[in-house]
Amino acid sequence: MPPQPLDSTASADSISGMALFLDVDGCLIDLAERPEDVVVPAGLIGDLERLSTRIGGALALVSGRAIADLDRLFAPLSLPAAGQHGLEWRAAPAGPVERVPVDRTVLARLAAALADFATGKTGLRVEPKGAAVAIHYRQATALGPDVIAFAETLLAGTAGWHALAGKMVVEFKPDGVDKGSAVERFLALPPFAGRRPLAAGDDVTDEDAFAAALRHDGVALQVGDREPTVANRRLPDPAAMRDWIARLAASR
Ligand SMILES: [Mg+2]
């Protein structure tokens with residue numbers, strides 16, 4: 001069944017018993033040509049802070065970005081967060097960041113191979129992400145099939161790693177770490193434990209978080225119209241997501 005529209009009135013009534021797991025790019029904020037060019041709209045930071053307080057601090061960011069990058073974007077607000085699709089994890093605001101150990105030799109080999117592949121091809125960009133590495137083709141969309149074919153070849157010789165194809169990007173990361181495992185970790189701990197989860201996101205990497213929320217009888221909220229998805233609720237775009245958050249933050 002396709003995702004149903006999110007009923008904001010009903011959600012405002014039930015939100016106090018929920019835990020929120022929110023993707024950032026393409027969900028809370030609009031995508032930009034380059035990840036460093038995104039804009040966090042005025043008002044969103046205050047709304048997130050009020051909403052977090054309202055639900056006992058059970059609001060976490062679950063992003064492909066590094067947690068340090070999230071802190072910079074949302075300053076002065078610091079939230080519980082999972083970064084780099086679950087490779088980084090922080091249970092408490094401003095608490096210590098835990099990192100999943102990564103085979104640096106494999107990571108360096110993958111990054112070097114991607115850099116070689118991108119050399120001389122206008123519009124491709126390789127982004128080291130600490131414990132993962134991504135190749136972007138948003139500015140060279142015609143090269144998408146070549147990028148994906150190269151990624152498959154590269155992975156065929158790399159045990160224990162996989163690639164996630166997102167919006168105009170392919171990201172390489174170690175197996176067994178994803179946004180779903182991050183959501184599960186949060187749900188085992190206060191203030192998240194015992195609450196009904198809602199996971200929101202726009203991209204294929206959010207499907208793992210959606211599945212985790214649904215395993216706990218929660219809500220999986222797809223932002224946008226990407227298909228297929230396991231999500232059971234939908235909002236059209238990040239502006240609608242921000243409106244929903246603003247209404248919840250202001251409601252009593
Ligand atoms: Mg996203």
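Order of listing sets the numbers, starting from 1, for every ligand and every atom in it. What you see below is based on every heavy atom in this structure, not just the backbone, and it leaves out hydrogens, waters and symmetry mates. Count residues from 1 along the sequence.
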More than 12 heavy atoms from other groups under 6.0 Å of CD on E36: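 Above 12, so yes.
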With carbon and hydrogen excluded and only N/O/S kept, which atom of [X] is nearest the Mg ion (ligand 1)?
{"X": "D202", "value": "OD1"}
{"X": "D23", "value": "OD2"}
{"X": "D25", "value": "O"}

Between T158 and R109, a side-chain donor and acceptor under 3.5 Å: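 A pair is found: one side chain offers a donor N or O, the other an acceptor, under 3.5 Å apart.
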Distance-only polar pair, side chains of R196 and S14, donor-acceptor under 3.5 Å: no
D203 near the Mg ion (ligand 1) via N/O/S, less than 2.8 Å: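 Here the distance criterion (N, O or S atom, under 2.8 Å) is not met by D203, so no.
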Name of the residue among D202, D206, D203 meeting salt bridge (charged side-chain N to carboxylate O under 4.0 Å, His left out) with K167: D202
